[in-house]
Amino acid sequence: MKEQFMKNLKIATAQFENKSGDKAYNLSVIKKLTAQAAQEGADVIAFHECSVTGYTFARHLDKPQMLELAELIPDGPSLHVLTAYAHEFNIVILAGLFEKDADENLFKPTFA
């Protein structure tokens, strides 16, 4: 019988002051913090809810505006960026955003 070993995971958590609706800025901060966590040996980094899109401003948006902000999963542009970061830094990234489906249903949050 083979002996099995479980690897301990080092999980980093990160929270930052995101910019509401500014995915490019928020993704740039996520990249910086992800790189730092990976350099410090983390296997996983977990960000706060809706870290990609922001959260509190969304309560003032109507459905068409929310659909513009939300992304299809797994083909949304932010998920492609997060996946690239994960491969670049060899780390699992948990980062939230608003999600939509092809039938214009909205969901939140999504983790990559």
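Residue numbers count from 1 along this sequence.
Interatomic distance, CD1 of I91 versus CD1 of I45, reported as 5.5 Å (0.5 Å rounding). We find the CG-NE2 distance between L27 and H80 to be 12.5 Å, quoted to the nearest 0.5 Å. Atom CG of N26 and atom SG of C50 lie 10.5 Å apart (nearest 0.5 Å). We find the CG-CZ distance between N18 and F57 to be 8.5 Å, quoted to the nearest 0.5 Å. Atom CG of L106 and atom CG of D101 lie 8.0 Å apart (nearest 0.5 Å). Rounding to the nearest 0.5 Å gives a distance of 5.0 Å between CG of L67 and CD of E104.
Between I73 and F107 the shortest side-chain heavy-atom distance does not fall below 4.5 Å. Considering only heavy atoms from C-beta on, F47 stays 4.5 Å or farther from V52 through its side chain.
The two residues E17 and Y25 make their nearest non-hydrogen contact at O-CE2, 4.0 Å. Shown here for I30 and A95, the closest heavy-atom pair between the two residues is CD1-CB, 4.3 Å.
The backbone N or O of S78 lies less than 3.5 Å from a partner atom in the side chain of E71, making a donor-acceptor pair. When atom types are taken as modelled, the side chain of K23 and the backbone of L69 share a donor-acceptor pair closer than 3.5 angstrom.
For F16, the ring-ring contact (aromatic ring centres under 6.0 Å, His included) partners are H48, not counting sequence neighbours. In this view, Q39 satisfies the side-chain hydrogen bond (donor to acceptor under 3.5 Å, both in side chains) rule with no residue, not counting sequence neighbours.
Atom CG of N105 is surrounded by more than 12 heavy atoms from other residues, nucleotides or ligands within 6.0 Å.
Pairs passing the side-chain hydrogen bond (donor to acceptor under 3.5 Å, both in side chains) check and including a residue from residues 6-15, sequence neighbours excluded, read K7-D43.
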